[in-house]
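Quick notes on the structure that follows.
Just so you know, these numbers use all the heavy atoms, side chains as well, and skip hydrogens, waters and symmetry mates. None of the values given here were measured: they were computed from a predicted structure. Count residues from 1 along the sequence.
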Amino acid sequence: MLSAYTIPIKGAIFIFPFLALLFTVPYVIYQYHKYGSFLALRACIVYSFILYMTCAYFQTILPLPPIAEVAEYTTPTMDLEVFGAWRDFWENTSLVLSDPSTYLTALGEQVFYEPVLNILLLLPLGVYLRYYFRRSWLQTIVIGFCVSLCFELTQLSALFGIYPRPYRLFQVDDLINNTFGALLGFWLTPLFSFFLPSRERMDEVSYQRGLKVSFARRLVACAFDWAILAGIIHLMSRVFKTPLLVQIIGLDNESAILFYVVLVFFYFVVVSWITGGRTVGKMLVNIRLVSFSGGRRAGRKKPSFFQYLIRYSMEYYLIVPAPFIEMRIYDMMVGGTRFPLGFLVAVGIVFGLIFAFYIFQIFIGFMTGATRTINEVLSKTSNVSGTRNKERRRG
């Protein structure tokens with residue numbers, strides 16, 4: 001009997017990583033776009049909520065019986081008697097209130113633990129609704145009832161028509177017990193959340209951190225930009241027979257290098273100049289480039305075309321390709337080339353030093369909070385956040 005409750009939990013734990021993977025990309029975008037930062041505690045709470053809801057849902061549909069077996073069922077599919085489960089408990093339980101020796105036995109009886117587990121099923125939902133989603137007790141009742149109704153209708157629909165008939169009983173008492181459980185969770189929230197910061201405090205910290213553009217935020221923007229570029233490269237290679245992504249990464253030939261140079265120029269330099277300092281990735285995480293003069297912010301004015309050219313030429317023609325150029329030089333030295341060996345060694349050292357210095361700057365930035373790299377200093381540009389703190393937003 002215990003396996004009927006542990007199997008759904010095991011199934012939820014198994015499928016949770018896949019759900020988390022699907023959820024992560026839009027969630028990261030939302031967090032950076034709204035708050036300007038990604039708070040680890042908030043993420044833990046949200047992901048724990050996803051895991052909990054998966055467990056709760058699986059408790060209502062698992063374990064799955066064989067379809068042929070369900071086709072032979074003749075039991076009722078609905079029970080509309082209000083408080084019938086508790087009536088069964090009082091009529092069939094071995095519990096005697098005046099005899100404490102019967103208490104433990106009664107706890108293990110199905111007539112007791114089934115309605116109790118239905119109450120406990122949505123108790124955590126009430127905690128999440130009050131603590132994180134900041135819902136009132138009335139909203140908690142409505143949401144708890146709707147969630148419970150979704151579970152029951154899923155059962156009544158025979159798992160959306162997969163089975164020839166329902167294999168679980170639709171019960172009005174389940175709706176009542178689930179909804180009461182959500183309300184009970186709302187009442188008990190202080191017992192579970194007293195050691196956690198309030199949602200308002202988390203928002204405040206997120207907004208404050210979001211006023212500064214972190215390396216992590218920039219990395220997310222860069223990842224989205226290059227995901228888009230990879231898609232463009234793949235599409236163009238299929239339609240126009242342009243160089244493949246693997247050819248560009250490997251610097252296989254002059255056409256691949258030229259294609260990379262032109263693509264980077266139009267996507268990062270031209271698009272940023274037209275949009276006022278934003279690529280698609282920067283738009284998603286709500287940051288943009290501004291011009292700095294003499295190391296000081298000059299009213300967040302739009303950089304010139306030449307500033308964009310300096311910044312992105314250094315970043316994507318010198319720094320980012322450096323490891324791939326190093327690998328290409330190694331292949332040329334091993335496989336033979338028309339270039340002098342001394343020349344290849346010199347080029348390798350130059351690009352190696354450039355990349356090492358850039359990585360060193362990023363490391364120091366993570367340690368000290370300084371986020372300006374060499375290409376930003378020389379181009380007199382920097383990323384600024386579009387996030388505003390809570391007071392400004394209200395104002």
Side-chain angles (χ1 to χ4, degrees), residues 16-17 19-56 120-144 146-147 181-221 223-224 282-288 297 300 365-371 382-395:
F16 172 72
L19 294 177
L21 187 63
L22 291 175
F23 177 76
T24 294
V25 172
Y27 179 68
V28 169
I29 293 175
Y30 174 79
Q31 291 297 307
Y32 275 120
H33 193 82
K34 180 177 180 180
Y35 300 104
S37 62
F38 187 85
L39 203 62
L41 176 60
R42 187 198 301 275
C44 289
I45 293 172
V46 172
Y47 281 102
S48 69
F49 176 71
I50 295 174
L51 177 59
Y52 154 67
M53 289 303 298
T54 306
C55 288
L120 296 178
L121 182 66
L122 293 192
L123 187 148
L125 177 63
V127 176
Y128 281 106
L129 288 175
R130 179 176 178 179
Y131 168 69
Y132 186 76
F133 297 102
R134 294 180 289 190
R135 300 302 174 187
S136 66
W137 67 269
L138 183 59
Q139 290 173 319
T140 299
I141 291 176
V142 173
I143 294 173
C146 290
V147 171
L183 181 61
L184 184 62
F186 179 90
W187 289 334
L188 297 178
T189 297
L191 297 179
F192 297 101
S193 63
F194 71 92
F195 60 94
L196 295 173
S198 66
R199 170 65 187 274
E200 289 76 11
R201 176 57 183 166
M202 282 193 290
D203 288 350
E204 181 183 348
V205 172
S206 296
Y207 283 127
Q208 288 297 325
R209 292 183 181 180
L211 296 177
K212 186 175 182 180
V213 181
S214 64
F215 274 121
R217 191 174 178 184
R218 292 166 59 179
L219 183 61
V220 171
F224 280 113
K282 291 183 186 297
M283 292 177 187
L284 290 175
V285 301
N286 199 13
I287 60 177
R288 64 186 176 91
R297 188 167 60 190
R300 288 189 173 185
F366 273 112
M367 296 295 103
T368 64
T371 58
S382 187
N383 287 284
V384 295
S385 174
T387 306
R388 296 291 181 268
N389 60 36
K390 204 170 184 181
E391 290 70 22
R392 290 183 181 178
R393 291 169 69 92
R394 288 176 174 176

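Closest heavy-atom contact between Ala20 and Thr24: O-OG1, 2.5 Å. Residues Phe192 and Phe195 come closest through the heavy atom pair O-CE2, 3.0 Å. Nearest heavy atoms, Val285 versus Ala221: CG2-CB, 3.7 Å. Contact detail for Ser198 and Tyr131: the closest heavy-atom pair is CA-CE1, 4.3 Å.
No side-chain donor-acceptor contact under 3.5 Å links Thr387 to the backbone of Tyr207. Distance alone, capped at 3.5 Å, is enough to place a donor-acceptor pair between the Arg130 side chain and the Phe186 backbone.
Atom OG of Ser214 and atom CD1 of Ile287 lie 8.5 Å apart (nearest 0.5 Å). To the nearest 0.5 Å, atom CG of residue Leu123 and atom OG1 of residue Thr189 are 8.0 Å apart. Considering OH of Tyr32 and CG of Asn286, their distance stands at 12.5 Å, rounded to 0.5 Å. Taken from CG in Leu21 to CZ in Phe16, the straight-line distance is 11.0 Å, to the nearest 0.5 Å. With rounding to the nearest 0.5 Å, the separation of CD1 in Ile50 from CG in Leu19 is 7.5 Å. Rounded to the nearest 0.5 Å, atoms OG (Ser206) and CD (Gln31) are 6.5 Å apart.
Counting heavy atoms from C-beta on, the side chains of Leu41 and Leu196 come closer than 4.5 Å. Contact check for Arg42 versus Arg199: side-chain heavy atoms found under the 4.5 Å cut-off. For the pair Phe49 and Leu125, the minimum side-chain heavy-atom distance is below 4.5 Å.
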- request: Test side chain to side chain contact (heavy atoms under 4.5 Å, CB included) on Phe38 and Arg209 and set out the steps.
  value: CA-CA 9 Å; Phe38 187 85; Arg209 292 183 181 180; over 6 Å; no
query: Is there a side chain to side chain contact (heavy atoms under 4.5 Å, CB included) between Ile143 and Phe133 once you walk through the steps?
result: CA-CA 12 Å; Ile143 294 173; Phe133 297 102; over 6 Å; no
field: Check against side chain to side chain contact (heavy atoms under 4.5 Å, CB included), Val142 and Arg135
entry: CA-CA 10 Å; Val142 173; Arg135 300 302 174 187; over 6 Å; no
task: Begin with the C-alpha distance, continue with both residues' side-chain angles, and end with the deciding distance and a verdict on side chain to side chain contact (heavy atoms under 4.5 Å, CB included) for Leu129 and Gln139.
output: CA-CA 9 Å; Leu129 288 175; Gln139 290 173 319; over 6 Å; no
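In this structure, a donor-acceptor pair under 3.5 Å is present between the side chains of Ser48 and Tyr128.
Ring-plane geometry between Tyr27 and Phe23 is classed as parallel, the angle between the planes falling under 30 degrees on a 0 to 90 degree scale with a further cut at 60.
Between Ser385 and the options Arg217, Lys212, Arg288, a side chain to side chain contact (heavy atoms under 4.5 Å, CB included) holds for only Arg217.
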